[in-house]
There are 2 protein chains.
Amino acid sequence: MEELDRHIVELLVADGRMSYTDLGKATGLSTSAVHQRVRRLEQRGVIRGYAAIVDPEAVGLSLTAFISVKPFDPSAPDDIADRLAEINEIEACHSVAGDENYILKVRVATPIELEHLLSRIRSLAGVSTRTTVVLSTAYESRPPRI
Amino acid sequence: MEELDRHIVELLVADGRMSYTDLGKATGLSTSAVHQRVRRLEQRGVIRGYAAIVDPEAVGLSLTAFISVKPFDPSAPDDIADRLAEINEIEACHSVAGDENYILKVRVATPIELEHLLSRIRSLAGVSTRTTVVLSTAYESRPPRI
DNA sequence: GATGAAAAGACTAATTT
DNA sequence: AAATTAGTCTTTTCATC
């Protein structure tokens with residue numbers, strides 16, 4: 001990827017609502033030239049979209065946890081990710097190498113909700129769980145050095 | 001939080017570049033009313049900002065891993081998060097309850113880079129590490145149900 | 001708080017270099 | 001690939017309800 005494109009992506013990661021005019025000023029390009037490049041970055045899938053960053057606390061989701069998941073029956077076909085997709089407390093679902101099969105990142109309001117969520121996950125996907133509760137988050141979703 | 005504000009936040013989480021005009025149409029409010037509400041949501045810290053969502057693969061970061069971290073000397077004052085802040089391969093840093101003290105989420109290009117990153121983390125923060133490599137990501141940064 | 005109108009500014013597409 | 005132009009739409013501000 002070109003240096004100019006990297007710069008544009010970096011600026012948009014830092015401020016997803018930056019105008020094309022400002023992007024142009026920051027990169028030394030004309031408005032339409034920037035716009036064209038951004039459109040290409042979107043089409044190539046480098047930029048997947050734009051999102052408002054919401055403070056989970058402010059929205060009542062003050063408990064974050066990582067849940068490692070292992071199937072009760074390791075020989076069964078693995079459709080765990082699909083089965084869990086409907087649970088929207090699950091923010092992320094990664095298949096991993098190691099002792100367990102998946103790592104989930106979840107957000108709930110209270111410990112009781114976490115308890116209920118765990119039993120839902122276990123019964124829905126047929127898995128055992130190991131939960132690591134987040135105490136505090138120093139940083140999160142830091143932009144990658146592109 | 002009000003129903004209307006929730007709706008606005010939801011729309012902006014799904015599309016961070018949505019115009020105030022479109023937000024107004026979607027919520028039945030006037031452009032300026034929406035604008036005012038969004039500004040308040042930003043000021044109250046509910047909306048922390050806006051970002052372009054970048055595909056890590058497209059940007060050459062195809063290896064994701066979770067690193068659990070434990071200090072060599074548990075009695076030393078804990079400045080691990082601060083020490084690690086300068087490493088920008090670390091996307092997230094959570095202090096957690098459980099056997100280990102921190103969970104880090106990192107992204108690198110290659111296994112060799114992961115190896116180098118691990119030794120940097122160990123020496124910089126004085127910690128032992130346990131690494132779980134991500135094989136595939138079913139979903140990630142799914143918007144919370146607000 | 002919400003609205004409406006008007007000025008300033010941003011976006012888009014067609015054209016040219 | 002980038003700049004320019006011109007038309008359209010959006011943002012922003014301000015006065016008003």
Side-chain angles (χ1 to χ4, degrees), chain A residues 1-62 109 140-146, chain B residues 1-62 109 140-146:
Chain A
M1 193 161 59
E2 240 183 296
E3 168 57 22
L4 218 62
D5 283 340
R6 268 221 296 275
H7 193 190
I8 291 171
V9 170
E10 222 161 51
L11 289 164
L12 281 174
V13 165
D15 177 6
R17 279 187 86 91
M18 196 168 179
S19 74
Y20 295 122
T21 310
D22 287 347
L23 281 170
K25 279 177 195 158
T27 54
L29 260 60
S30 73
T31 306
S32 38
V34 175
H35 190 237
Q36 203 169 27
R37 276 173 183 271
V38 171
R39 209 157 30 196
R40 244 180 308 146
L41 287 165
E42 288 167 354
Q43 276 164 3
R44 278 164 47 202
V46 177
I47 295 177
R48 275 206 287 231
Y50 304 87
I53 312 297
V54 173
D55 179 5
E57 299 259 358
V59 136
L61 300 171
S62 34
E140 191 174 25
S141 63
R142 275 212 307 194
R145 59 124 191 58
I146 302 157
Chain B
M1 193 160 59
E2 241 182 295
E3 168 56 24
L4 220 65
D5 282 340
R6 268 221 295 276
H7 193 188
I8 292 170
V9 169
E10 222 162 51
L11 289 165
L12 281 173
V13 165
D15 178 6
R17 279 186 87 90
M18 196 169 180
S19 77
Y20 296 120
T21 310
D22 287 347
L23 281 170
K25 280 177 195 157
T27 54
L29 260 59
S30 73
T31 306
S32 36
V34 175
H35 190 235
Q36 204 168 28
R37 275 172 182 272
V38 170
R39 207 155 34 194
R40 244 180 307 142
L41 287 164
E42 288 168 355
Q43 277 164 2
R44 279 164 47 202
V46 177
I47 295 176
R48 276 207 286 232
Y50 304 87
I53 312 297
V54 173
D55 179 5
E57 299 258 357
V59 136
L61 299 171
S62 36
E140 191 175 23
S141 62
R142 273 213 307 195
R145 59 123 190 59
I146 302 156

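Keep in mind that what you see is a predicted model, and the values were worked out from it rather than measured. In what follows, chains carry the letters A, B, and so on, assigned in the order in which the sequence lines appear, proteins first and then strands, with residues in each chain numbered from 1.
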Any N or O donor-acceptor pair linking the side chain of A:T21 to the base of C:dG9 at under 3.5 Å?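 Answer is no: no donor-acceptor pair is held.
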Tell me the interatomic distance from [X], atom [atom1], to [N], atom [atom2], rounded to whole angstroms.
X: B:R17; N: C:dA10; atom1: CZ; atom2: P; answer: 12 Å
X: A:Q36; N: C:dC11; atom1: CD; atom2: C1'; answer: 14 Å
X: B:L29; N: D:dT10; atom1: CG; atom2: P; answer: 17 Å
X: A:D5; N: D:dA2; atom1: CG; atom2: P; answer: 9 Å
X: B:M18; N: D:dT11; atom1: CE; atom2: C1'; answer: 15 Å
X: A:D22; N: C:dG9; atom1: CG; atom2: C1'; answer: 10 Å
X: A:E42; N: C:dC11; atom1: CD; atom2: P; answer: 12 Å
X: B:R37; N: C:dG1; atom1: CZ; atom2: P; answer: 8 Å

Can any side-chain N or O of B:R17 pair as donor or acceptor with the backbone N or O of A:M18 at less than 3.5 Å?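 Yes, the answer is positive, given that a donor and an acceptor are paired below the 3.5 Å cut-off.
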Any idea which of D:dT12, C:dT3, C:dG1 is nearest the B:S30 side chain?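 From the listed options, C:dT3 comes nearest.
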Please determine, for the side chain of A:Y20, which listed nucleotide (D:dA2, C:dC11, D:dT13) has the closest atom?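 Within the option list, the nearest is C:dC11.
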Beyond-backbone contact of B:R48 with A:P56, side-chain heavy atoms, under 4.5 angstrom: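 Yes; the side chains approach each other to less than 4.5 Å.
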Given B:R37 and B:T27, is the side chain to side chain contact (heavy atoms under 4.5 Å, CB included) satisfied, shown in steps? CA-CA 12 Å; B:R37 275 172 182 272; B:T27 54; over 6 Å; no
Using a cut-off of strictly less than 4.0 Å, decide whether A:H35 has a side-chain nitrogen or oxygen near OP1 or OP2 of C:dT12.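 Affirmative; the distance criterion is met.
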It should be established whether A:R39 places a side-chain nitrogen or oxygen under 4.0 Å from OP1 or OP2 of nucleotide C:dA13.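 Checking A:R39 against C:dA13: at least one side-chain N or O falls below 4.0 Å of OP1 or OP2.
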Distance to the ring centre below 6.0 angstrom and angle to the axis at most 45 degrees; does that hold for A:R39 and A:Y20?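 Ring-cation test returns no.
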Reckon A:S19 touches a base, only the sugar-phosphate, or nothing at all at heavy-atom distances under 4.0 Å?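 Sugar-phosphate contact only.
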With A:R6, which of A:E3, A:E10, A:E2 fulfils side-chain hydrogen bond (donor to acceptor under 3.5 Å, both in side chains)?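 Only one option passes, and that is A:E3.
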